[in-house]
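First the structure, in the form of structure tokens, and then the observations on it.
Computed over heavy atoms, backbone and side chain alike; hydrogens, waters and symmetry mates excluded.
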Amino acid sequence: MSGPHRGTALPRPARMVRPSPVAVVIAVSVLVGCGGSPSPDGRPESAIVEGHTAGSDGSPATPASGEAASPARLTGSDLAWLQLMIPMNDRILLLLDLTARGTDDEALASLADRLATNHRAELEDLHALREEAGVPDTNPHEGHRMTGMVTDDQLAEAAAEPPSRFDATVIDLLREHLEHSRMVSTGLLDAGSDEDALALAATLVDRREEQLAELTELFAPTDPSDITGPSEFPVSDAPEG
């Protein structure tokens with residue numbers, strides 16, 4: 001993995017179904033953040049994976065029309081969380097590598113190395129859960145601009161920052177990632193069902209709290225409003241391009 005170098009009678013009324021918090025925040029991030037649109041059948045892209053669809057009521061993922069049935073243990077919330085956390089971790093590793101190589105601050109370089117080690121270990125657990133649940137190895141968020149998921153443009157912009165701005169730029173991106181991944185994982189603790197997914201999400205929430213505390217201790221935000229609480233649901237940035 002390498003990154004750039006520095007330099008969403010009357011008929012009986014239908015029952016209302018409340019989408020899970022995790023599915024809602026991911027769908028909003030996708031549709032708003034990337035200027036995207038629902039899939040051809042009208043469902044948000046975040047509820048669809050190759051060969052499976054996740055119910056908006058939190059029901060387990062089921063085979064798409066025409067596909068053979070297969071075991072499904074993950075609910076829509078579990079699946080949405082899993083398919084977001086994997087690319088989020090993949091992308092932040094690129095920033096962490098850039099940070100370790102580009103900063104002159106030993107404390108920041110050391111923090112980047114520790115965060116990279118933690119995120120790689122999380123990826124191993126996330127991929128193991130995906131494989132055990134029989135979820136295809138696809139990324140429904142490919143090309144999306146979402147809060148907390150580092151983009152190629154952000155990497156390039158950070159790499160091009162002068163020394164006086166480099167550290168502040170990467171620290172802001174790191175904080176955004178840690179806050180958003182903590183928020184989505186906290187949401188799964190209320191909306192999820194799979195025991196392994198819940199256990200992993202709980203571990204991740206605790207770890208993000210520790211990582212954010214360390215980041216704030218070393219590099220306090222210049223604006224107090226930059227510190228996001230675990231119950232907040234930030235919306236992603238404007239579309240790329």
Side-chain angles (χ1 to χ4, degrees), residues 1-7 81-82 84-130 139 141 145-189 199-232 234 236-237:
M1 184 176 298
S2 62
H5 292 267
R6 179 175 166 189
W81 172 79
L82 179 62
L84 178 59
M85 294 311 304
I86 290 176
M88 282 185 70
N89 272 27
D90 280 336
R91 299 298 303 179
I92 199 65
L93 284 172
L94 298 175
L95 180 68
L96 291 169
D97 178 64
L98 173 65
T99 301
R101 291 184 287 105
T103 184
D104 293 325
D105 189 312
E106 293 184 3
L108 180 56
S110 178
L111 176 62
D113 285 337
R114 295 194 302 278
L115 289 175
T117 297
N118 291 151
H119 280 72
R120 289 191 180 95
E122 291 168 7
L123 273 173
E124 291 182 4
D125 292 336
L126 290 163
H127 281 294
L129 175 60
R130 176 186 59 74
N139 178 10
H141 302 296
R145 183 183 179 101
M146 302 178 67
T147 303
M149 189 181 300
V150 179
T151 66
D152 288 339
D153 286 346
Q154 288 173 321
L155 285 169
E157 289 167 4
E161 290 282 19
S164 60
R165 283 290 307 159
F166 179 80
D167 288 1
T169 298
V170 297
I171 287 169
D172 286 346
L173 292 172
L174 288 174
R175 179 175 286 110
E176 180 180 81
H177 164 80
L178 296 175
E179 289 174 346
H180 197 71
S181 58
R182 174 189 63 179
M183 181 271 293
V184 175
S185 296
T186 298
L188 187 73
L189 299 182
L200 184 51
T203 296
L204 195 147
V205 169
D206 290 342
R207 185 171 295 155
R208 291 295 180 268
E209 292 284 359
E210 294 171 359
Q211 293 165 341
L212 280 165
E214 183 175 6
L215 182 66
T216 300
E217 181 179 357
L218 292 173
F219 313 101
T222 54
D223 183 348
S225 65
D226 288 342
I227 302 179
T228 305
S231 62
E232 295 187 20
S236 59
D237 300 311

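- At a threshold of 4.5 Å between non-hydrogen side-chain atoms, the residues His180 and Met146 do not count as touching.
- Residues Leu93 and Arg120 meet the side-chain proximity criterion, which asks for heavy atoms closer than 4.5 Å.
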side-chain contact (heavy atoms from CB on, under 4.5 Å) between Trp81 and Leu200, worked out: CA-CA 11 Å; Trp81 172 79; Leu200 184 51; 3.8 Å; yes

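- Pairing each heavy atom of Leu189 with each of Ala202, the nearest pair is CD2-N, 3.7 Å.
- Considering only heavy atoms from C-beta on, Asp105 stays 4.5 Å or farther from Phe166 through its side chain.
- Rounded to the nearest 0.5 Å, atoms CG (Leu126) and CE (Met85) are 6.5 Å apart.
- In this structure the side chain of Asp125 never reaches within 4.5 angstrom of the side chain of Glu122, judged on heavy atoms.
- With Asn118 as the fixed residue, the side-chain hydrogen bond (donor to acceptor under 3.5 Å, both in side chains) test singles out one of Gln211, Glu210, Arg208, Arg207: Gln211.
- The two residues Ala100 and Ala109 have their closest heavy-atom pair at O-CB, 4.3 Å.
- Looking at every heavy atom in both residues, Leu98 comes nearest to Ala159 through CD2-N, 4.0 Å.
- Under the side-chain hydrogen bond (donor to acceptor under 3.5 Å, both in side chains) criterion, Thr99 pairs with no residue at all, not counting sequence neighbours.
- Taking OG1 from Thr169 and CG from Leu155, the interatomic distance works out to 12.0 Å, rounded to the nearest 0.5 Å.
- In this structure, OG on Ser181 lies 7.5 Å from CG on Leu212, to the nearest 0.5 angstrom.
- With contacts defined as side-chain heavy-atom distances shorter than 4.5 Å, the pair Val170/Leu95 qualifies.
- Taking every heavy atom of both residues into account, His177 and Met88 meet most closely at CE1-O, 3.6 Å.
- Residue Leu204 holds its CG atom at 10.5 Å from CG of Leu188, rounded to the nearest 0.5 Å.
- Side-chain contact check for Leu178 versus Leu215: some heavy-atom pair is nearer than 4.5 Å.
- In this structure the side chain of Asp90 never reaches within 4.5 angstrom of the side chain of His119, judged on heavy atoms.
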Residues Thr147, Glu179; criterion side-chain contact (heavy atoms from CB on, under 4.5 Å); working and verdict: CA-CA 10 Å; Thr147 303; Glu179 289 174 346; over 6 Å; no

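- Between Leu96 and Leu111, every side-chain heavy-atom pair lies at or beyond the 4.5 Å cut-off.
- Taking CZ of Arg91 as the start and CG of Leu173 as the end, the distance is 11.5 Å to the nearest 0.5 Å.
- A donor-acceptor pair under 3.5 Å is formed between the side chain of Thr203 and the backbone N or O of Ala199.
- Going from atom CD of Gln154 over to atom CG of Leu94 covers 12.0 Å, rounded to the nearest 0.5 Å.
- With sequence neighbours left out, the side-chain hydrogen bond (donor to acceptor under 3.5 Å, both in side chains) criterion links Glu214 to Arg114.
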Residues Val184, Leu84; criterion side-chain contact (heavy atoms from CB on, under 4.5 Å); working and verdict: CA-CA 9 Å; Val184 175; Leu84 178 59; 4.0 Å; yes

